[in-house]
Amino acid sequence: MKILLLNQCFYPDVVSTAQHASDLVAALAQRGHDVTVVAGTRAYDHPHIKFPPEEHWRGSRILRVPCLALGKTSKWRRVANFASFFLSCIFRLTFLPRFDVVMALTSPPLISLLGALYVKLKGGRFIFWVMDLNPDEAVAAGWLNEHSATARVLAGLLNFSLRTADEVVVLDRFMRKRVIKKGVPAEKISTIPPWAHSEVVHYDPDGRQAFRDRHGFTGKYVVMYSGNHSPCHPLTTVLQAAMRLAGRSDIVFCFVGGGSEFPTVADFAAAHNLANIRCLPYQPLADLSASLSAADLHVVVMGDPLVGIVHTCKIYNIMCIGAPVLYIGPSKSHVMDIAAGNGIPLASANHGDVNLVVRRILDSAKFSVPDRRMIERGRSFHQDQLVPRFADLVEALPEQAAAAAVGSHAVGD
């Protein structure tokens with residue numbers, strides 16, 4: 001079967017959508033399918049890093065198209081970056097043949113539109129893998145007026161992609177509910193959460209000690225936020241808690257990753273002269289076990305108005321480590337669902353409740369790392385459980401179309 005995947009981020013990039021898309025493509029190629037990926041030439045968080053325009057990787061073919069690298073310091077720069085990738089994709093897709101299945105993710109926003117148009121023009125089946133919903137995210141974050149002409153046009157384009165898709169893959173029940181409200185039939189929606197990278201992520205005591213030694217964390221209690229630093233996951237409460245605990249030399253706050261808000265953390269630390277805040281870049285996947293294992297407490301954050309629109313996925317790798325979790329966000333969310341449904345110990349607090357967050361941090365010292373029960377209960381979210389399920393869905397789609405065609409001919413006869 002010939003399969004095409006569209007997403008700006010892909011191997012060897014380290015952002016979440018790149019890692020999950022790469023996992024699925026590798027699995028499909030291993031099953032013998034002919035997989036082509038159209039992605040961007042630049043690393044998402046480090047656009048000065050450029051990847052080869054064409055590459056063969058684990059049985060798949062990666063075609064990378066050029067895009068601008070104007071940074072993320074303003075909205076117009078981000079829009080220009082996305083638009084340049086979008087236009088480059090259009091040109092590249094023009095010369096590609098028909099595929100049996102076309103999959104599109106959501107980097108950049110509305111890249112799914114190209115996938116929908118591609119199958120309309122050239123045929124095939126379309127899978128819309130919804131990692132986030134836009135313009136819903138832009139509206140919820142206050143970047144876009146819901147009633148503006150721009151918002152209405154973008155909403156129309158999203159709805160076109162959703163209606164055109166033969167299968168819509170969402171990440172949690174809240175996102176599923178939102179998509180159904182947009183008029184998508186429930187029967188063509190599948191819920192597959194973004195899996196833990198369990199093949200490479202596990203509690204690593206030696207890596208933990210080496211990471212702590214390397215960064216001066218030996219003998220300290222490490223509170224870690226690891227992943228994308230986005231306005232959708234506001235860190236204000238965590239930063240204020242770090243300021244409250246500045247006098248505790250035995251506690252350090254470690255922020256690992258990237259994203260548009262990553263510089264904000266360093267700026268906050270500098271502005272308040274906080275020596276207890278450390279900022280480190282995204283860690284290579286091979287080093288992820290060591291960095292995650294180095295934490296005594298992991299922080300997971302979810303913006304209040306963004307439930308069902310975005311899906312913070314750091315909880316899955318944390319479960320592989322078995323570390324205590326402090327969740328800051330709304331009480332109704334996929335994070336709370338996971339904790340309740342799997343008996344995972346999780347301390348929670350609302351945004352703005354700095355006093356409670358400080359107490360949660362001080363109280364968490366009584367928990368041990370790793371929690372073996374947490375690791376065991378998180379196995380249903382492992383890569384070896386969810387990637388095959390997604391690959392089965394992709395393989396079944398053309399078969400379902402063929403069966404439906406046979407059935408319609410039989411009725412006509």
Side-chain angles (χ1 to χ4, degrees), residues 3 5 7 9-33 35 37 39 43-44 51 55-60 62 103 105 107 129 131 169 171-172 190-211 224 226-228 256-258 281-295 298 300 311-323 325 334 338 342 344 369-395:
I3 301 170
L5 183 138
N7 198 55
C9 309
F10 195 73
Y11 169 88
D13 213 338
V14 294
V15 295
S16 177
T17 62
Q19 292 181 10
H20 288 94
S22 300
D23 291 340
L24 180 60
V25 164
L28 290 168
Q30 187 176 34
R31 292 188 180 196
H33 299 295
V35 187
V37 178
Y44 185 75
F51 306 128
E55 183 177 0
H56 290 272
W57 175 76
R58 297 185 65 177
S60 67
I62 308 172
M103 289 187 291
L105 283 77
S107 296
W129 189 356
M131 289 290 192
V169 177
L171 309 185
D172 57 56
S190 296
T191 304
I192 303 178
W195 46 87
H197 293 96
S198 50
E199 293 185 359
V200 293
V201 177
H202 54 85
Y203 181 70
D204 180 2
D206 294 334
R208 167 185 167 91
Q209 193 57 54
F211 188 93
M224 181 178 288
S226 178
N228 184 29
V256 184
Y282 273 117
Q283 302 298 295
L285 194 56
D287 298 335
L288 196 54
S289 289
S291 67
L292 293 178
S293 297
H298 276 280
V300 176
H311 183 105
T312 179
C313 59
K314 55 179 58 63
I315 185 68
Y316 303 110
N317 281 336
I318 294 170
M319 286 192 288
C320 290
I321 300 298
V325 176
H334 71 280
I338 291 168
N342 296 275
I344 293 170
V369 181
D371 183 333
R372 298 295 179 186
R373 292 175 302 170
M374 181 181 183
I375 294 172
E376 185 62 34
R377 290 167 179 169
R379 290 191 184 280
S380 61
F381 299 102
H382 281 194
Q383 186 172 344
D384 60 359
Q385 298 295 311
L386 294 176
V387 173
R389 181 178 156 197
F390 205 139
D392 290 344
L393 182 151
V394 175
E395 290 180 329

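The structure presented is a predicted model; accordingly, all values stated were derived computationally and were not measured.
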**Report entry** Gap between atom CG of Leu24 and atom CD of Gln383 - 0.5 Å precision
**Finding:** 10.5 Å
Query raised in the report: Quick one: does Leu5's side chain get under 4.5 Å of Leu28's, heavy atoms only?
Result: no
Query - From OG (Ser293) to NE2 (His202), nearest 0.5 Å - result: 7.5 Å
Query raised in the report: Who are the side chain to side chain contact (heavy atoms under 4.5 Å, CB included) partners of Asn342, not counting sequence neighbours?
Result: Ile338, Ile344, Arg377, Ser380, Phe381
Query raised in the report: Considering residues at least two apart in sequence or located in another chain, which fulfil the salt bridge (Lys or Arg N to Asp or Glu O under 4.0 Å) criterion with Arg379?
Result: Glu376
Query raised in the report: Who pairs with Thr312 by side chain to side chain contact (heavy atoms under 4.5 Å, CB included), at least two apart in sequence or on another chain?
Result: His233, Val300, Met302, Lys314, His334, Val335
Query raised in the report: Of the non-hydrogen atoms in Phe51 and Pro12, which two are nearest, and what is the gap between them?
Result: CE2-CG, 3.4 Å
Query raised in the report: In Å, rounded to the nearest 0.5 Å, how long is the span from CG of Asn228 to OH of Tyr44?
Result: 7.0 Å
Query raised in the report: Are any non-hydrogen side-chain atoms of Val325 and Met374 less than 4.5 angstrom apart?
Result: yes
Report task. Give, for atom CG of Leu105 and atom OG1 of Thr17, the distance between the pair rounded to the nearest 0.5 Å. Result -> 6.5 Å
Query raised in the report: Looking only at heavy atoms, which two atoms of Tyr282 and Gly227 are closest? And how far apart?
Result: OH-C, 3.6 Å
Query - Arg58 side chain reached by Val25 side chain, heavy atoms, under 4.5 Å - result: no
Report task. Only counting residues at least two apart or in another chain, list the ones meeting side chain to side chain donor-acceptor pair (under 3.5 Å) with Glu55. Result -> Arg64
Query raised in the report: Got a sec, which residues hit side chain to side chain donor-acceptor pair (under 3.5 Å) with Ser190, two or more places apart in sequence or on another chain?
Result: Glu167
Report task. Please list, chain by chain and in numerical order, all residues satisfying side chain to side chain contact (heavy atoms under 4.5 Å, CB included) with Val256, sequence neighbours excluded. Result -> Met224, Ser226, Cys254, Leu280, Gln283
Report task. Starting at CG of Leu386, measure out to OG of Ser198 and round the result to the nearest 0.5 Å. Result -> 8.5 Å
Report task. Identify the heavy atoms of Arg208 and Ala295 that sit nearest to each other, and give their distance. Result -> NH1-O, 3.3 Å
Report task. Check the pair Val201, Ile321 against side-chain contact (heavy atoms from CB on, under 4.5 Å), reporting the backbone distance first and the verdict last. Result -> CA-CA 7 Å; Val201 177; Ile321 300 298; 3.9 Å; yes
Query raised in the report: salt bridge (charged side-chain N to carboxylate O under 4.0 Å, His left out): which pairs involve residues 10-31, sequence neighbours left out?
Result: Arg31-Asp392, Arg31-Glu395
Requested in this report: Taking ring pair (Phe, Tyr, Trp, His ring centres under 6.0 Å) as the test, write out the residues that go with His20, two or more places apart.
Outcome: Trp195, His197
Report task. Would you mind reporting whether Pro370 and Ile375 have side-chain heavy atoms less than 4.5 Å apart? Result -> yes
Report task. Please report the shortest heavy-atom distance between Gly378 and His382, naming the atom on each side. Result -> O-CD2, 3.3 Å
Query raised in the report: Among all residues two or more places apart in sequence or in another chain, which pass the ring pair (Phe, Tyr, Trp, His ring centres under 6.0 Å) test with Phe10?
Result: Trp57
Query raised in the report: Taking only residues two or more places apart in sequence or in another chain, which ones pass ring pair (Phe, Tyr, Trp, His ring centres under 6.0 Å) with Tyr203?
Result: none
Query - Matching residue for Leu171 among Pro193, Cys313, Pro194 - test: side-chain contact (heavy atoms from CB on, under 4.5 Å) - result: Pro194
Report task. Sequence neighbours left out, what passes salt bridge (Lys or Arg N to Asp or Glu O under 4.0 Å) with Asp371? Give chain and number order. Result -> Arg373
Query - Atom CD of Gln30 with >12 non-hydrogen neighbours under 6.0 angstrom - result: no
